[in-house]
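So the structure is just underneath, and the comments pick up after that.
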Amino acid sequence: MLALIVDDSQSMRRVLRRVLAPLGFDAYEAGNGKEALDLLSKVSKRPDLALVDWNMPEMNGLDFIRHVRRMPEFRPMWLMMCTTESEHSQVVRALAAGAHEYVIKPFTSETIHQKLAYLGLISLTSRV
């Protein structure tokens, strides 16, 4: 499986990569939404999943999700917002824009595992 990690924090991208790798995910990384869109236009294989931060320079995560949802070739991609934005209104906005799941930082690897299992991307009984 292939994931796209979109976060302006290199350390957070590293954390998410470490959470995903034992589950069988390879990952692309981008530092903001614009960089992620540029990357998506160049990759030969569509990611199965994108984990997206909200607050980033150039293009935030909400705008990235809105752009991706307008691109038919990426509609099958699962989108999970991983952010410090914890207000209910923000969760509602992200889900309305097309995010499938919402995780509030700080999170545990177990939280990510549970969300991926809920989406059907992994089995909790077979994870490492």
Side-chain angles (χ1 to χ4, degrees):
M1 299 250 274
L2 187 58
L4 171 61
I5 302 169
V6 187
D7 199 303
D8 58 326
S9 166
Q10 185 176 12
S11 61
M12 181 53 64
R13 293 194 308 265
R14 191 172 26 250
V15 165
L16 286 168
R17 187 182 282 271
R18 275 190 253 137
V19 169
L20 295 173
L23 302 173
F25 282 89
D26 290 322
Y28 298 127
E29 294 183 20
N32 62 59
K34 182 182 178 321
E35 189 179 309
L37 288 176
D38 291 344
L39 180 70
L40 288 176
S41 72
K42 297 173 187 170
V43 298
S44 59
K45 186 171 189 267
R46 173 184 50 82
D48 302 288
L49 165 72
L51 297 105
V52 184
D53 186 24
W54 191 304
N55 298 304
M56 298 178 287
E58 290 195 58
M59 179 186 286
N60 68 44
L62 186 64
D63 288 341
F64 170 77
I65 287 173
R66 288 177 177 147
H67 275 77
V68 167
R69 284 293 162 239
R70 289 193 296 260
M71 302 166 73
E73 65 272 29
F74 294 106
R75 283 198 188 118
M77 186 169 57
W78 294 99
L79 298 170
M80 184 184 307
M81 187 71 81
C82 297
T83 180
T84 58
E85 295 293 333
S86 60
E87 289 185 30
H88 179 71
S89 63
Q90 301 296 70
V91 176
V92 170
R93 286 177 65 201
L95 296 175
H100 297 97
E101 280 294 336
Y102 198 98
V103 176
I104 299 170
K105 295 174 186 173
F107 53 80
T108 64
S109 59
E110 185 62 29
T111 300
I112 300 294
H113 294 174
Q114 288 172 350
K115 297 290 187 175
L116 294 176
Y118 177 77
L119 295 174
L121 293 170
I122 67 166
S123 167
L124 284 178
T125 58
S126 64
R127 67 183 165 89
V128 176

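- A donor atom on one side chain and an acceptor atom on the other are not found under 3.5 Å apart for Gln10 and Arg13.
- Nearest heavy-atom pair across Arg66 and Ala97 is CG-CB, 3.9 Å.
- In this structure, CG on Leu37 lies 5.5 Å from CZ on Phe64, to the nearest 0.5 angstrom.
- Between the CG atom of Leu20 and the CZ atom of Arg18 there is a distance of 11.5 Å, given to the nearest 0.5 Å.
- Considering only heavy atoms from C-beta on, Leu39 stays 4.5 Å or farther from Val6 through its side chain.
- Distance check, rounded to the nearest 0.5 Å: CD1 of Ile65 to CE of Met81 gives 3.5 Å.
- By the salt bridge (charged side-chain N to carboxylate O under 4.0 Å, His left out) test, Asp38 is found to be paired with Lys34, residues two or more places apart in sequence or in another chain being considered.
- Within the 4.5 Å cutoff, the side chain of Ile5 has no heavy atoms near those of the Cys82 side chain.
- Rounding to the nearest 0.5 Å gives a distance of 7.5 Å between NZ of Lys115 and CE of Met80.
- Annotation: side chain of Ser109 is not in contact with side chain of Val15 (no heavy-atom distance under 4.5 Å).
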Which donor-acceptor pairs under 3.5 Å do the side chains of residues 49-56 make with protein atoms, sequence neighbours left out?
residue : atom : partner : partner atom : Å
Asp53   : OD1  : Lys105  : NZ           : 3.4
Asn55   : ND2  : Glu85   : OE2          : 2.8

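- Between atom CG of residue Asn60 and atom CG of residue Asp8 there is a gap of 10.5 Å, rounded to the nearest 0.5 Å.
- With rounding to the nearest 0.5 angstrom, the CG atom of Leu2 is 9.0 Å from the CZ atom of Phe25.
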